[in-house]
Structures are given as structure tokens and as C-alpha cells.
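This structure is a prediction, so every number in the text was calculated from the model and none was measured. Residue numbers start from 1 in every chain, and the chains themselves are labelled A, B, ... in the order their sequence lines are given, proteins ahead of strands.
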Amino acid sequence: MARETPAAGFTSPGAESQLFVDLYRRMRLIRRFEDSVQTLFQQGLVHGTTHLYSGQEAGAVGVCSVLGDDDRVAATYRGHGAALALGVETEGLMAELLGRATGVCKGRSGSMNVIDLDHRLMGCFSIVGGSIGAATGMALALKRTGGVAVAFFGDGTANQGYFPECLNFARVFDLPVVFVCENNRYGEFTPFEQVTGGAILDRPRILGIHAETIDGNDVWTVRHTAAAAVERARAGEGPQFIESLTYRFVGHSRSDPGAYRAPGELDEWRKRDPLTVTRAGLGDRYGVSAEALDEIDESVEQELAAAVEAASNAPFPEPGPVREFKGG
Amino acid sequence: MARETPAAGFTSPGAESQLFVDLYRRMRLIRRFEDSVQTLFQQGLVHGTTHLYSGQEAGAVGVCSVLGDDDRVAATYRGHGAALALGVETEGLMAELLGRATGVCKGRSGSMNVIDLDHRLMGCFSIVGGSIGAATGMALALKRTGGVAVAFFGDGTANQGYFPECLNFARVFDLPVVFVCENNRYGEFTPFEQVTGGAILDRPRILGIHAETIDGNDVWTVRHTAAAAVERARAGEGPQFIESLTYRFVGHSRSDPGAYRAPGELDEWRKRDPLTVTRAGLGDRYGVSAEALDEIDESVEQELAAAVEAASNAPFPEPGPVREFKGG
Amino acid sequence: MAELEFRDAICEALDEELARDDTVVFFGEDVAKPGGVFAVTGGLQEKHGPERVFDTPISELAIAGAAFGSAVGGLRPVIEIMFADFLPLVMDSLVNQSAKYWYLSNEQKSIPLVVRTAAGAGGRFGAVHSQMPVSWFQGVPGIKIVCPSTPGDAKALLKAAIRDDNPVLFVEHKRLYSIKGEANGDVATIGEAKVVREGGDVTIATAMRGVHEALAAAEELSAQGVEAEVIDLRTLRPVDTATVLKSVEKTNRLVVVEEGPRTGGWAAEVLAQVLEDGLGDIDDAWRLTTPDHPIPYSPPLEDDFIPGAKAIAASILGR
Amino acid sequence: MAELEFRDAICEALDEELARDDTVVFFGEDVAKPGGVFAVTGGLQEKHGPERVFDTPISELAIAGAAFGSAVGGLRPVIEIMFADFLPLVMDSLVNQSAKYWYLSNEQKSIPLVVRTAAGAGGRFGAVHSQMPVSWFQGVPGIKIVCPSTPGDAKALLKAAIRDDNPVLFVEHKRLYSIKGEANGDVATIGEAKVVREGGDVTIATAMRGVHEALAAAEELSAQGVEAEVIDLRTLRPVDTATVLKSVEKTNRLVVVEEGPRTGGWAAEVLAQVLEDGLGDIDDAWRLTTPDHPIPYSPPLEDDFIPGAKAIAASILGR
Ligand SMILES: Cc1ncc(C[n+]2csc(CCOP(=O)(O)OP(=O)(O)O)c2C)c(N)n1
Ligand SMILES: Cc1ncc(C[n+]2csc(CCOP(=O)(O)OP(=O)(O)O)c2C)c(N)n1
Ligand SMILES: [Mg+2]
Ligand SMILES: [Mg+2]
């Protein structure tokens with residue numbers, strides 16, 4: 001569980017380079033993790049449904065890179081990215097998806113409802129809007145400790161009651177919470193413009209919440225924006241809002257042929273694949289070589305293979321008595 | 001049940017004068033009705049709780065004056081004004097509040113949940129926000145017939161989930177609905193600014209909903225604004241929003257000492273009593289004499305006295321079998 | 001009569017009612033163009049037009065409010081709440097608006113409204129996409145709850161629900177969508193249970209997927225000389241206890257099998273009515289339900305969680 | 001020990017727990033500065049400060065979400081949902097977040113959260129401000145439902161609820177706010193019923209206002225030679241059926257009196273458990289509830305609607 005310091009500045013160019021290389025590694029890990037999940041799902045080993053984060057990696061990785069030990073994150077059913085970005089164990093997460101006893105929730109929660117408090121993940125919430133309520137409440141608690149809560153959610157979620165109620169609530173009490181709307185253009189199979197009046201960004205703005213729309217596929221942009229937002233929230237300036245424009249490369253969930261996508265849209269976005277963008281940026285900014293990055297890719301393969309292997313060999317949990325309540 | 005034509009224009013000055021004299025009469029009727037309710041409540045004859053419209057009369061009367069036969073209204077627990085403005089029988093409404101068999105809902109609903117479809121009142125909704133959902137749905141039906149739905153609700157309601165969800169829903173489908181937010185500065189005992197981020201008016205605006213803030217104590221302003229809004233809605237221009245600034249002269253409900261009011265606030269608003277404003281306007285604009293208006297006041301007293309008398313003498317409903325479902 | 005899938009039976013019912021009655025409309029999230037996440041409602045928008053079949057924002061409360069209001073205005077809305085787990089988000093409108101209107105208005109107007117929803121465990125969808133919503137609504141006067149177990153009943157009961165003048169919660173068990181059966185154009189009667197297997201030794205009253213499990217259990221039991229009578233309740237509010245009582249007169253033993261938490265479910269209501277009205281006929285009566293904790297994701301946990309055929313047979317043999 | 005009103009007992013419990021434990025916070029609509037619409041919570045903000053006791057926007061879902069999230073973050077929130085009729089608006093957060101967290105997190109964290117709410121009919125508040133919320137939540141694993149009938153229990157049970165590590169729905173019957181009784185600083189045990197009157201002829205199991213009606217009925221019955229045992233259930237989830245069964249062993253007759261719709265309420269759960277576990281002891285068992293329709297406003301209708309002392313006595317004598 002590696003945790004970055006919450007500062008946006010760097011002590012040295014080398015440190016900055018190393019940090020972003022680390023972020024690249026995490027993004028790569030997420031991508032390949034999701035690829036594995038897809039495969040395992042097709043093999044009938046991951047069950048039910050999955051919502052993959054492929055294409056959106058820069059969002060969770062960039063945002064979580066600025067969080068400190070006292071901060072907490074509420075994610076969604078599309079939460080593997082946030083979990084791995086926070087340092088949730090790859091094997092434990094995979095084991096959870098495989099329904100094993102070694103899963104982070106012992107197979108109880110599955111893909112959509114992962115909770116790992118030790119890694120600052122207060123939960124993945126599979127009710128649209130649930131993450132917003134959860135983070136708003138967490139911020140109420142964190143106000144006492146100087147921590148900041150982060151809520152991830154999608155464009156479609158801007159129309160669900162939790163969104164306006166909690167944004168207003170957070171604003172009224174100036175809670176330290178950063179709302180990260182990952183606008184991937186669709187809620188399930190429906191283009192967000194078709195069901196959304198006006199611009200999402202205006203919704204927080206008119207409440208008096210600092211809000212900006214950014215390129216969510218550029219991890220530098222995401223990190224810098226998030227750093228500033230978290231800093232403001234921590235300084236008592238109240239809730240912050242980031243609309244992070246991105247795109248998912250895969251279906252909404254299990255069986256989704258993607259018929260709703262505009263022609264050529266996927267290809268256009270693939271050109272802005274956050275992994276490609278990051279690789280290019282690492283070369284351009286810090287002279288990191290393709291070979292060095294390929295080595296990282298390779299180490300990700302190994303970590304992942306080991307995780308999948310271990311998780312696949314882990315036992316299933318035994319049915320047995322459950323304690324309905326804590327303390328009896 | 002008198003219904004105005006939905007036009008905002010007038011055929012002659014005499015007709016305009018007569019129309020506003022009629023509106024004055026309705027406002028006066030509402031005020032005195034509410035006074036009676038207050039008295040009857042203190043006498044233990046109206047039960048439970050009541051939410052009076054005193055001070056806000058120009059809102060419902062102005063808005064409802066532009067509605068046609070095909071239009072429908074959803075009001076709130078503070079709904080006597082809207083009911084009377086729509087032509088709900090004074091006696092039937094009073095009998096409902098007194099819990100009598102002759103009440104418009106036979107004593108079943110009471111003050112907070114009055115329904116009178118024959119008079120275009122689809123209901124008074126006692127869940128904050130309920131009127132917004134109801135009118136939005138009504139608009140879905142009225143789209144077929146050229147009718148327009150109206151939702152009344154208060155400032156505090158802008159923070160409840162129904163508000164943003166339904167405004168967006170109505171906008172997305174461009175439903176013929178006019179949202180009338182009666183901003184009387186308080187939700188119960190809490191000043192709306194204390195619990196509301198930003199300006200209410202911006203909330204519909206950023207969704208692309210035509211919205212304006214008006215002096216809700218001036219019945220001319222209200223009527224003209226509502227006429228234009230209803231016309232636009234009827235013409236297919238989608239939902240409309242009116243924030244009508246007003247003030248209630250009495251407590252939120254039964255026992256409310258009003259400790260939350262800013263010092264002098266009530267007195268300031270009393271100077272802008274919609275009845276005073278209308279009387280002055282009728283004199284200034286059309287030369288209607290004080291004597292003529294006093295006569296109207298007197299006729300209101302008689303109508304009300306008769307209604308209270310009849311309602312008070314009406315029998316209570318008999319407990320008996322109830323049909324849980326229509327058709328069995 | 002052709003065999004068709006449960007999902008297609010639902011779609012046919014919608015299609016036929018949309019065609020028959022212009023006041024019927026259907027809306028929900030991703031139901032129109034995409035045809036629904038369970039591929040139930042594809043093609044309806046093309047056929048009946050975007051004014052009558054449409055996709056909404058992710059705004060459950062607005063969906064339910066809009067359905068209620070439009071029903072007051074003369075439409076007969078059918079809405080889909082994608083997963084039954086999301087029903088709490090619309091509960092205010094259903095409970096405080098739709099269910100009360102007929103009574104509060106002194107019968108000025110009833111609310112002909114159908115809420116279709118996919119419910120139930122067994123699909124590895126986890127605790128928040130697998131719940132049974134019945135217990136949340138069983139204490140709400142003015143609402144009917146319909147829970148079919150076969151394609152034929154699904155179609156006939158959905159048609160009945162759409163024609164019913166009252167709010168109906170129509171629960172579709174996810175694990176039944178792909179089962180096949182016959183369906184015709186009949187309109188069923190809401191509120192009637194059906195004896196789907198006769199037997200004299202014990203009565204199993206259940207619904208939805210439980211019916212299939214109970215029938216399988218009955219076969220196992222039969223092999224051991226125990227003949228179970230299986231009752232498909234089909235409607236859970238109001239529940240047809242008369243049919244259960246009649247069966248219990250004969251068998252004197254009753255197990256109610258509910259896919260839902262042990263405490264506070266509809267099986268309790270069935271047992272309570274049987275106790276009140278059939279005490280003299282009962283030698284033994286009990287419930288078989290899911291345990292009182294959230295629905296687990298992991299396959300062995302979820303399988304153990306749901307009362308299947310084996311558990312039903314064992315429970316009966318174990319008394 | 002001084003007598004105090006039920007409302008003041010609640011306030012004292014809040015006050016003492018706020019003083020005792022810095023992680024306790026209390027918020028809701030008009031609860032802080034105005035002191036609540038039922039004048040229950042006045043003075044708490046002055047005493048404990050606006051960071052710990054505060055008024056919120058009219059945003060029930062945000063209130064419940066904030067309570068849940070803050071509990072994950074280490075607080076022990078108490079929220080007020082002004083009228084129980086508004087609980088459907090917060091049900092998603094309670095059911096899908098708070099109630100499931102302990103289980104889904106594999107016991108990483110439980111949610112110590114109290115939802116205070118004013119419930120019940122008899123105040124002429126009409127159909128949407130008088131409901132009993134119990135049936136909506138009785139089938140939700142992970143939630144406790146506490147329903148006191150006296151100031152003493154109200155205080156001791158609210159203190160217990162605040163100290164409980166799980167989500168608790170704390171139901172305050174509106175018609176009890178002004179009754180007086182003794183209350184000390186005790187912390188009660190959630191889940192224990194109490195025999196409040198002994199008698200050998202019939203058991204009356206009830207809760208909240210029903211307890212007072214049952215006790216009055218018992219006096220009437222006693223005058224006619226029938227001695228009723230009255231049980232105050234005090235907690236409705238989990239419900240202490242053991243105490244009921246023990247009583248029924250003696251009386252062999254049981255009426256469960258519930259202020260709530262006949263179908264699908266908690267009385268059904270009590271009867272079901274009694275049928276499952278006490279069949280041999282029962283000669284007669286039935287429910288007395290409100291009818292299956294919304295709560296009427298008109299006084300004679302509402303009075304007839306609620307099962308009061310007379311109706312209870314008559315029901316028992318009429319068997
Ligand atoms: C309250 C609720 N309604 C509907 C759903 C079903 N659902 C799951 S994801 C989703 C789309 C959400 O879209 P968006 O917010 O854009 O997030 P994305 O999936 O694109 O990341 C929907 C409708 C749900 N889980 N919860
Ligand atoms: C969902 C819900 N929450 C709370 C209440 C209690 N309540 C009744 S009126 C009211 C204040 C509403 O304020 P506003 O919208 O400004 O309308 P006003 O009463 O001022 O006309 C509240 C909180 C309610 N009826 N419904
Ligand atoms: Mg999206
Ligand atoms: Mg107000």
C-alpha cells in the first residue's frame with residue numbers, strides 16, 4: 001500500500017518523473033486487470049456482471065495520487081480502477097471478483113460493492129448516486145481530522161437525486177469533499193446529452209462550488225487539478241467539483257455490443273488512450289524510454305499473473321453462520 | 001366554478017377592470033378563509049395542523065387566473081389558496097377541513113391532501129416536492145390535449161430530490177409544465193439562504209428552462225408572467241419556471257411563534273400585503289372606488305359566513321367499509 | 001401454442017396492451033432504444049413510437065412521480081425500475097402518492113400504474129442487485145403485488161396488471177427470464193393462487209422461482225413417498241390464502257417458501273392468516289426463507305443462501 | 001425520580017449521549033435552532049454547538065447519506081426524519097448502504113446510526129403524516145427497530161440505540177410525546193420485551209401507543225373477569241417472541257395489537273413465529289390492526305380506524 005504525500009509540487013525532477021512512472025504503472029495495472037476480468041468473466045469465473053474502467057484509468061489514478069492517509073474515497077460499481085489506484089491488493093481484489101475466501105470482502109461483496117477501509121476505500125456503491133451520499137457523509141466526519149473525501153461517479157448520475165441534494169448539503173456546510181464526475185459520455189447505453197438538461201458543470205457552479213471540466217485522459221491534468229481541489233477542500237473552502245472527460249473502451253457491463261456509440265467515436269478516443277498519452281508524456285517530459293516502460297508493462301504482467309494465479313487457487317468461502325449485527 | 005380564458009390580453013378596459021376586481025375578490029376570500037381556519041383551529045374544530053396561505057394570495061390567484069379547462073394544478077399542504085383560486089367550493093373545502101361528510105374528499109384527506117379534479121386541482125401534496133413530481137407526470141398526459149400542468153411549491157423545496165430530478169425530466173421531454181416556486185423566505189422555521197447554495201433561479205436556468213423571479217405580491221405581475229409562461233408551455237416550448245417572491249404573514253403551521261423572522265421583516269412585508277397592493281392598483285389603474293371594494297369584502301364575509309355555517313352544521317362521515325381498490 | 005421465453009412473454013404483453021389502448025405508455029432507463037438491460041423490451045419503441053415508449057434520465061423519483069401524475073391525467077403508465085433494489089428510491093411516490101390517491105380523493109380517480117422490476121438472487125449480482133422488494137410494500141394498502149412464475153402467467157398477469165385500475169408492482173424474477181413456456185392472449189385474474197401440483201401430505205406455498213424449486217422438491221419427495229401439494233401464489237398482495245387454507249385442510253402441514261429474508265416477509269403474512277383462520281387444520285407450519293443477512297456474491301454462498309429444491313425437500317423430511 | 005414528558009426523555013437521552021461521547025452528532029430539518037416541530041430537541045444546539053447539532057436543508061436522501069458516510073468515518077450520527085411518512089425518501093440509503101455495510105465489508109466496520117422519527121395516527125395529521133413505518137423495514141436485515149411506549153423506556157432505549165453499533169430506527173409515537181413518566185440514566189437492552197401486566201386468560205402483545213390502550217382494555221376486561229397479560233414488545237426488529245411464547249404457554253390465547261395496516265405488518269411476524277414455535281400452546285391467536293386503507297383525517301373516521309382500548313376489549317370478548 002503505497003501512499004503519496006498530498007502535495008502537488010515535487011522536490012526534484014527525478015521525483016516527478018518517478019512519480020508519474022508509478023502512476024503509469026498503476027494505470028497499466030488497472031487496464032490489464034480489467035482485461036483479465038473480462039477474460040475471466042467470459043470463462044465463467046467472474047460472475048454476475050462487471051463494469052470495467054478501461055479507458056478511464058487516468059481519472060482514478062490521477063485523483064488518488066494526491067490523497068493522504070486521512071483521506072477517503074467512495075467509488076462506484078465501476079470501481080476496480082479506484083480500488084487499485086488506492087493500493088487495494090491486486091490479488092485480494094481479484095479474489096473478491098472470483099468469489100474467494102481471500103477476497104477483500106471474503107467474497108461477500110463482489111465486483112460492485114467492494115469495501116477496503118485499510119486502503120481508504122470506503123466503498124464501491126452500486127446504486128447510482130450512492131457514492132455521492134457516502135462521500136458527503138464521510139466529509140462530515142473528516143472535517144474533524146483534516147481529511148478530505150472523494151466521490152467518483154458518472155455523467156448519468158448528475159440526474160439522480162443524491163447528486164443535487166448532496167452537492168447542496170456539502171456546500172451549505174462547506175464540507176471537505178471533492179466530487180469527481182467522470183463523464184464518459186454515456187449512462188449505460190444512453191448518451192448523456194439525450195437525458196441531461198444543460199451542462200453538468202453549471203450544476204455545481206451555481207451552488208457556489210468551485211468546478212472545472214478537464215481532460216480526464218491526461219494524468220498530469222487530472223493530478224494537478226485534483227491536487228488543487230483537495231488542497232482547497234482541506235483548507236476549509238468547501239466542496240470542489242471536477243468534471244473529468246473520458247471514455248470507456250469496453251461495454252457498460254457484461255454483454256454490451258456498443259450499438260449506441262457514434263460512428264468513429266471509439267476510434268477517436270482510442271487515439272487519446274490514457275496509457276498512450278502517459279507513455280508519450282513520460283518520454284516527452286522526462287525522457288523516459290519506451291524500453292523502461294515496456295519493462296514496467298512486463299512487471300505488471302507478472303504481478304497480475306501472480307495475482308490471478310493465487311486468487312484462482314484460493315478456496316471459496318464456506319457457507320456458515322453470519323452475524324447479522326455487530327455485538328450480537 | 002368560474003374559469004377564465006387563458007388569454008393574457010383583454011377585450012376592453014372594463015373587462016380588465018372586472019377581471020382584476022374578481023381576482024381581488026378571490027384573494028380576499030382566501031385571506032378571510034384562512035382567518036376562519038385559524039379561528040376554527042383554535043376552537044378545536046379544525047384538527048391536526050394547518051398551513052395557511054395568508055400573505056401569499058396573489059400567487060395562486062394570479063397564476064390560476066390564466067388557466068383553461070384543460071389545465072391542471074398540483075399544490076402543497078399550503079394549498080387552500082390554490083384550491084380557492086381554482087374555484088373549489090368554499091363550503092366543500094371548509095367542510096373538508098372540519099372533517100365533514102360534505103367535504104370535497106368527504107373528510108378523508110383533510111387540509112394537507114385535498115383533491116378536487118372537477119376543479120382542476122389534481123391534489124395538494126403534503127410531501128415536500130410531491131407536487132413537482134405530480135405536475136411533471138400530469139404534463140406528460142396533458143401534452144396530448146394541449147393542456148398545461150402547474151406545480152406550486154416553496155423555496156425550501158428546491159433542495160429536495162424531486163425538484164432537480166423532475167425539472168430535468170420535464171426539460172428533457174419538453175413537457176408543458178409551469179413550476180411556480182413561491183419563495184416566502186423560509187422553509188418552516190429556517191431561512192432559505194441558510195440551507196440553499198446559490199440562487200434558486202439559476203437552478204432551472206442552467207437546465208435550459210425559461211425562468212424568472214417576480215414580485216409575487218403583485219397580482220398583475222403574477223398574472224402577466226404566468227400568462228406568458230403558460231402560453232410558452234402550451235406552444236411546446238417546454239417547462240417554465242417562476243420564482244414568486246412573497247411572504248407568509250402567519251406561522252408555518254399551527255403553533256409557530258415566528259422567532260426566526262428577522263426583526264421588522266414582517267412589518268415590512270405587511271406594507272406589501274397583496275390585498276393592499278391590489279386595492280391600490282384597482283383604484284390607480286381603473287378608478288375602482290374603496291366603497292366598491294368594501295362591498296366586495298362584505299360579500300366575501302357573507303359567502304364565508306354561509307360556508308362556515310353550512311360546513312359546521314354538516315354531518316361527520318360515518319365509519320364504514322372502504323374499498324381498498326377500484327374494481328374490488 | 002408456441003413456446004416462448006418469459007422475457008418475450010413480458011414483451012408481448014406490453015406490445016399487445018400498447019397496441020390495444022392508446023393511453024398505455026411505457027418508460028424507464030435504457031428500456032426503449034437499447035431494449036432494456038435484460039433484453040426484454042426491444043422493438044417496442046420502433047413499433048409504438050417515442051412518445052409512448054421512451055428512455056428516461058437516471059431519475060427514479062422523477063420516473064415514479066411522472067407515472068403517478070400521468071395516471072391522474074388519464075394515462076396508464078407502465079414504468080420499469082431496472083432492478084428491484086432501486087425501488088426504495090421511488091417508494092415515496094408509490095406509497096404516498098399512487099397508493100393513497102383512490103382513497104384520499106374519495107374515489108374521484110384511481111391510479112392505473114404498473115411498476116415492472118427485475119428481482120431476485122441467484123445471478124451473482126450481489127447484495128444490491130438481487131433483492132426481493134415484496135416485504136417493503138406488503139404493508140402498503142392500495143398496492144397490488146404480482147409475482148409470476150411462468151411465461152404464460154407473466155403475459156396474462158402483466159396484461160391484467162396494465163388493465164387493472166390500481167397501482168401494481170409487477171415483479172419479474174431475473175432467473176426466470178430465459179425459461180420457456182406457452183403463452184396465449186388471455187388476461188389473468190390478479191389475486192388468484194394456483195395449485196400446480198396436487199398432493200396430500202404437505203402443502204408448499206411459494207412464488208416465482210420458488211415454484212420451480214418446489215416442483216423439483218416435490219419430485220424428490222415423491223420418490224420417498226411424500227406427496228407435496230405445490231401452490232403458486234402468483235399474487236402476493238392481496239395473497240390468496242383461501243387456496244392455501246383449502247390445501248391445508250387436506251394436508252395439515254404447510255411450508256411457505258420465500259426467497260426473501262426470514263424476518264418480516266410475505267411468508268409471515270401467509271402463516272399469520274393460516275393461524276388466524278385455519279388453526280384447527282394445522283399439525284405443522286413453518287417458513288423456509290433466506291437468512292437474515294444481505295445476499296452474498298460468492299457462488300457457494302449465494303447457492304447456499306437461496307432455498308432451492310434440495311433444501312425444501314430436506315426441510316420437509318426433517319420435520 | 002422526577003416525572004418528565006416522553007419528549008423530554010428523548011431530549012435528555014440525546015443530551016447525555018452528546019455530552020458523553022464526542023463522536024455523537026445530531027442533525028435534521030428544523031431540529032437545532034427551532035428545536036424540532038414536536039418541541040423535542042430544543043437547547044441541544046446551544047449546549048453542544050452547531051458543529052454537532054445542526055439544521056439541514058430539506059434533503060432527506062442527503063441527510064441519510066451523510067449519516068451513513070459519517071458513520072463509516074467514525075461518527076455516531078443521530079438523524080431526525082421529521083415524520084415517519086418521509087422515511088421512504090431515505091430508504092435507499094438505509095437499506096442499501098447502512099444496513100448492508102457490516103456484512104458486505106466482511107465486518108470491517110458497522111454503522112452506528114440512529115434514525116429518530118415521529119410516527120403514528122390519532123393526531124388528525126392525515127394519511128401522509130400519520131403512518132407507521134415498521135412494515136417497510138421489518139424485512140431489512142441489519143436494521144433494528146425500537147418502539148418505546150413510556151418516557152423511561154424512551155430514554156433508556158434511545159441511549160442504547162445511540163450506543164448500539166448498528167443502524168437503529170427509533171420510532172416515536174406522536175401521541176406519546178406529552179405523556180409523563182419516570183426516567184433515569186439507565187441504558188436499556190434492545191430486543192427485550194416486557195410484561196407490563198400479568199394475567200392468565202389472554203396475552204395482548206403490542207407496542208407504543210398500543211401498550212396504553214391494551215392496559216386500559218385489560219382493566220375493562222378485568223371488570224368482566226378476564227385477566228389479560230400485556231406485553232410491551234419495545235423492539236420490533238428483532239422481536240422478542242420468547243417472551244410472547246412464554247406468556248402464551250400460560251394463557252393459550254394471543255392477540256397482537258398493531259397500529260398499522262392489517263396486511264403485512266409486524267403482527268404477522270409475531271403470529272408466524274408463534275405458529276412455528278408454539279403451535280401446541282395456542283387455542284386462539286389473531287391480530288387487531290388498522291384496516292387496509294390510508295389513514296383518514298376526519299376525527300370519527302380516524303378514531304374508528306385505530307384499535308383502541310374498547311376495540312381491544314371487544315375483540316377479546318368477541319372470540
Ligand atoms: C439508482 C440506480 N439506477 C440505475 C442503476 C443502473 N445503472 C447502473 S450504471 C448506470 C449508468 C450510470 O451512468 P454514469 O453515471 O454515466 O456512470 P458510468 O456507468 O458511465 O460510469 C445505470 C443506469 C443503478 N445502479 N442505480
Ligand atoms: C419530504 C418532506 N420533508 C419535510 C417535510 C416537513 N415540511 C413540511 S413544510 C416544510 C417546509 C417547506 O418549505 P417551503 O418549500 O419553503 O414551503 P413553505 O412551507 O414555505 O410554503 C417542511 C420541511 C415534508 N412535508 N416533506
Ligand atoms: Mg457515464
Ligand atoms: Mg418557504
Side-chain angles (χ1 to χ4, degrees), chain A residues 45-49 77 95-101 103 105-114 125-130 154-163 186-192 194-197 252-257 259-260 315-325, chain C residues 27-39 42 50 54-65 82-83 85-90 92-93 121-131 174 261-263 290-306 311:
Chain A
L45 297 168
V46 167
H47 311 273
T49 185
Y77 49 87
E96 187 60 35
L97 272 56
L98 291 166
R100 306 307 165 107
C105 298
K106 217 177 169 176
R108 289 177 169 191
S109 76
S111 166
M112 287 201 275
N113 309 295
V114 172
F125 295 94
S126 59
I127 293 289
V128 159
D155 46 283
T157 307
N159 297 322
Q160 214 285 332
Y162 273 112
F163 176 97
Y186 297 91
E188 294 198 339
F189 322 120
T190 300
F192 87 94
Q194 185 187 311
V195 288
T196 308
H252 164 74
S253 59
R254 37 175 199 158
S255 52
D256 167 9
Y260 48 84
F316 283 98
E318 297 276 337
V322 165
R323 297 200 300 164
E324 182 181 355
F325 296 111
Chain C
F27 52 98
E29 296 162 13
D30 298 293
V31 297
K33 244 182 159 181
V37 297
F38 291 102
F54 54 91
D55 295 311
T56 68
I58 308 175
S59 306
E60 282 79 10
L61 199 50
I63 294 170
M82 192 183 293
F83 284 80
D85 313 71
F86 313 160
L87 283 167
L89 289 166
V90 306
D92 175 64
S93 182
R124 321 305 186 206
F125 286 102
V128 187
H129 283 69
S130 304
Q131 291 166 94
K174 291 193 271 303
R262 174 165 182 80
T263 301
T290 64
D292 272 334
H293 62 75
I295 300 159
Y297 160 72
S298 178
L301 299 186
E302 192 182 33
D303 288 341
D304 183 67
F305 181 82
I306 304 165

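Here the shortest heavy-atom pairing between C:Ser298 and A:Gly99 reads OG-O, 2.5 Å. Contact record, A:Lys106 with C:Leu301: O-CD1, 4.4 Å, taken as the closest heavy-atom pair. Here the closest non-hydrogen pair linking A:Ser126 and C:His129 is O-CE1, 3.2 Å. Nearest heavy-atom pair across C:Pro300 and A:Pro319 is O-CG, 3.8 Å.
Residues C:Met82 and A:Glu188 meet the side-chain proximity criterion, which asks for heavy atoms closer than 4.5 Å.
Rounding to the nearest 0.5 angstrom, the gap separating the OH atom in C:Tyr297 from the CG atom in A:Leu98 is 7.0 Å. Note that OG1 of C:Thr56 is 10.0 Å distant from CD of A:Gln194, once rounded to the nearest 0.5 Å. Between the CD1 atom of C:Ile58 and the CD1 atom of A:Ile127 there is a distance of 11.5 Å, given to the nearest 0.5 Å. The structure places CD of A:Glu324 at 12.0 Å from CZ of C:Arg262, a figure rounded to the nearest 0.5 Å. Taking CG from C:Leu61 and OH from A:Tyr162, the interatomic distance works out to 12.0 Å, rounded to the nearest 0.5 Å.
For C:Asp304, the part sitting under 4.5 Å from any heavy atom of chain A is the side chain, from C-beta outward, and nothing else. Contacts between C:Ile295 and chain A at a heavy-atom distance below 4.5 Å involve the backbone alone (N, CA, C, O).
Under the salt bridge (Lys or Arg N to Asp or Glu O under 4.0 Å) criterion, A:Arg100 pairs with no residue, sequence neighbours left out. For C:Pro34, the side-chain contact (heavy atoms from CB on, under 4.5 Å) test picks out A:Phe189, A:Thr190, C:Asp30, C:Asp55, with sequence neighbours left out.
Residue C:Ser59 forms a side chain to side chain contact (heavy atoms under 4.5 Å, CB included) with just one option from A:Asn159, A:Val195, A:Val128, and that option is A:Asn159.
Of the listed residues (C:His293, C:Glu60, C:Glu302), the one with the most heavy-atom contacts under 4.5 Å to chain A is C:His293. Comparing A:Gly320, A:Gly161, A:Ser109 by heavy-atom pairs within less than 4.5 Å of chain C, the highest count is held by A:Ser109.
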